[in-house]
There are 2 protein chains.
Amino acid sequence: MGTTQLETVPEPKYWHLRTVLSEALDSEFSVGEILPNERDLAARFGVARATLRQALEQLELEGRLQRRRGVGTTVAPPRMGVSVGTAQHAWPGGSDDAWQAVDCTLVAPPAAIAETLVTGREEPVHTVRRSRVSQGQPVAAELLYIPASSVPDLSAIDAPSGAARARAVLRELQHLELERHENAVELGSARADDAKELDRLPGAPVLVVTTRFIALGRVAALSVATYRADTCRLTFGDSGGVQIHHGPERRAS
Amino acid sequence: MGTTQLETVPEPKYWHLRTVLSEALDSEFSVGEILPNERDLAARFGVARATLRQALEQLELEGRLQRRRGVGTTVAPPRMGVSVGTAQHAWPGGSDDAWQAVDCTLVAPPAAIAETLVTGREEPVHTVRRSRVSQGQPVAAELLYIPASSVPDLSAIDAPSGAARARAVLRELQHLELERHENAVELGSARADDAKELDRLPGAPVLVVTTRFIALGRVAALSVATYRADTCRLTFGDSGGVQIHHGPERRAS
DNA sequence: CAGTGGTCTAGACCACACC
DNA sequence: GTGTGGTCTAGACCACTGG
């Protein structure tokens, strides 16, 4: 693991380090193995700790490393494939659903949500919180926004809030006929509450999946799900289990 | 824009700063406007430049800011919706394709690719490079891997490489009957060549979309497309044009 | 040229996990 | 406790853009 190469091209140190470490991970370490601590590594490569950290950040972003405060830095397993947008014509909360309802409240929709829920400007919405676990670890936190008009027959349910009510709301939703749904994926950073649920620090990179469920020509429900970007590979249109092993240069040319 | 609040909760400074700046962006700045430079901003908030930069990095990751070396930091427009995986049953290179072929070579597949292209272990693959432009700016760079056996009738084409040959390869591909395709999305960082094409620095966050095109029960083509994560929102299953305006807290509760 | 963001340093202290 | 990663500082110099 030497770094004694004075680049002819002024490649940033941290980028070069990233490459060197990446190769070392492929050849000298195995999944779950714990790396030397940051101070040692920095000394070994003759750089400041901040620079070393910049390289580690890159590798963590790429899902190669996992860092935990007070514990250490370990070699991450390959990202798990998490299927999204399968079950093309199913409402959330269906029988084979990977999610677990946590809570439910009835509130006035925040402005940004109301805008996407084109229907019912000032209409109250049920807000269902759900979480998704895969292979023993939390992978996503979701907020579902369901306009009250989408589940009109909810008066029979007496639970005012909590997981029971959440399940009741979702059950009601199944009665509607789902036309289609539309997905969008973008990069975001975890808000404090999501971060906690995902066992990450605030600001951790997440993949935000926004799904609009269309029924009767209206948006009957809106899901905003934040997935851990470091551990997840989102799969669309089936084949959730494909393992893509990333080699030395990952997409080498 | 005051920061004179000594937190009772030990919220990191950069995180608090991110929030303050985010709110300022919503209320006091408009798209395209240029912010004060980092040294001034840091002084104004009474923090070190590195801390200020940490906050700016967050906001850039979220697509709120755009930073360019030698120029300055500007307020980014809302992310553009880029449709992916529409045209459910179309090969790359079809008539309404958003991509532009750049180059084409015939090589032995790198190990990581050969593994995903389950067919033909040692078989040579055509490697087609394409780029995608949307609203006047580059949004994605792609590498298409096409096993030679997928386009057997290519001998008639004499162009050895270049854009012309790339188009010829894609034209041949249309003759196959496409069964389906499978998409996966994950976070990555731009390699040097991709970064250059996307007008970003190496290591910039990108959304990597891997698509496997299935025909005759085999993987007939494999696409690895890297999208700029800062400017793009990937849309699946139609509705490419939906604008989601992010409000003050973006997904406020 | 001057001004910008990008990289890097050598420290310091804090929050957390584990013993 | 000790050891880890996370935050923060106050500098310095580099690479790039634009006038």
Side-chain angles (χ1 to χ4, degrees), chain A residues 3 6-19 21 33-61 65-76 189-190 192 195-196 199-205 230, chain B residues 3 6-19 21 33-61 65-76 189-190 192 195-196 199-205 230:
Chain A
T3 47
L6 191 48
E7 299 292 330
T8 51
V9 278
E11 189 181 42
K13 272 189 190 177
Y14 79 91
W15 186 255
H16 180 232
L17 246 186
R18 183 209 78 107
T19 307
L21 286 172
E33 202 171 342
I34 185 165
L35 266 64
N37 72 54
E38 297 183 349
R39 290 161 181 88
D40 283 355
L41 276 179
R44 184 177 314 191
F45 287 102
V47 299
R49 191 179 156 217
T51 305
L52 185 270
R53 278 181 59 81
Q54 220 176 329
L56 294 184
E57 256 154 49
Q58 284 285 337
L59 291 169
E60 191 179 30
L61 202 75
L65 292 179
Q66 185 160 0
R67 298 193 285 175
R68 272 175 303 171
R69 166 153 55 179
V71 179
T73 302
T74 56
V75 181
S189 50
K196 195 169 185 180
D199 194 25
R200 299 261 64 195
L201 292 173
D230 55 343
Chain B
T3 48
L6 192 47
E7 299 292 329
T8 51
V9 278
E11 188 182 43
K13 272 190 190 177
Y14 79 91
W15 185 255
H16 180 232
L17 206 51
R18 182 209 78 107
T19 307
L21 285 170
E33 202 171 343
I34 185 167
L35 265 65
N37 71 54
E38 297 183 349
R39 291 162 180 87
D40 283 355
L41 276 179
R44 185 177 313 192
F45 286 101
V47 299
R49 191 177 155 218
T51 305
L52 185 269
R53 277 181 60 80
Q54 221 176 330
L56 294 185
E57 256 154 50
Q58 284 284 339
L59 292 169
E60 191 180 30
L61 203 76
L65 291 179
Q66 186 159 0
R67 298 193 286 175
R68 273 176 303 171
R69 168 154 54 179
V71 180
T73 302
T74 56
V75 181
S189 51
K196 195 170 184 179
D199 193 25
R200 299 261 65 195
L201 293 174
D230 55 343

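Heavy-atom basis, side chains included; hydrogens, waters and symmetry copies ignored. A note on names: the letters A, B, ... follow the listed sequences, proteins ahead of strands, and every chain is numbered from 1.
- Across B/V47, B/T73, B/L35, a single residue satisfies side chain to side chain contact (heavy atoms under 4.5 Å, CB included) together with B/L41, and that is B/L35.
- Rounding to whole angstrom units, CZ of residue B/R67 and C1' of C/dT4 are separated by 12 Å.
- Rounded to the nearest 0.5 Å, atoms CZ (B/R53) and CG (B/L17) are 13.0 Å apart.
- As judged by a 4.0 angstrom heavy-atom cut-off over every strand, B/L201 is placed among residues touching the sugar-phosphate backbone only.
- For B/R53, no side-chain nitrogen or oxygen approaches OP1 or OP2 of C/dG5 to under 4.0 Å.
- Atoms CZ (A/R18) and P (C/dT7) sit 14 Å apart, rounded to a whole Å.
- Rounded to whole Å, the distance from CD1 on B/I34 to P on D/dT17 is 15 Å.
- In this structure, CZ of A/R69 is placed 8 Å from C1' of C/dC14, rounded to the nearest angstrom.
- When the P atom of C/dC16 is taken as reference, atom CG of A/D199 falls 13 Å away, rounded to whole Å.
- Atoms CD (B/E38) and C1' (C/dG6) sit 8 Å apart, rounded to a whole Å.
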What's touching nucleotides 9-13 of chain C from the protein side, N or O pairs under 3.5 Å?
from  : atom 1 : to    : atom 2 : distance (Å)
C/dT9 : OP1    : A/K13 : NZ     : 2.9
C/dT9 : OP2    : A/A48 : N      : 2.8
C/dT9 : OP2    : A/T51 : OG1    : 2.5

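- Note: A/L56 CG to A/T51 OG1 = 11.0 Å, rounded to the nearest 0.5 Å.
- Contact check for A/Q58 versus A/W15: side-chain heavy atoms found under the 4.5 Å cut-off.
- Using a 4.5 Å cut-off on side-chain heavy atoms (C-beta onward), B/E57 and B/Y14 make no contact.
- A straight line from CD of A/Q66 to P of C/dA17 spans 14 Å, rounded to a whole angstrom.
- In terms of phosphate contacts, A/N37 brings no side-chain nitrogen or oxygen within less than 4.0 Å of OP1 or OP2 of D/dG3.
- The shortest side-chain heavy-atom distance between B/P202 and A/E11 does not fall under the 4.5 Å cut-off.
- At D/dT7, one or more side-chain N or O atoms of B/Y14 fall inside 4.0 Å of OP1 or OP2 (strictly under the cut-off).
- What separates CZ of A/F45 from P of C/dT7 is a distance of 19 Å, to the nearest Å.
- One finds a side-chain N or O of B/T73 lying less than 4.0 angstrom from the OP1 or OP2 phosphate oxygen of C/dG5.
- How far CD of A/Q66 is from CZ of A/R200: 6.0 Å, rounded to the nearest 0.5 Å.
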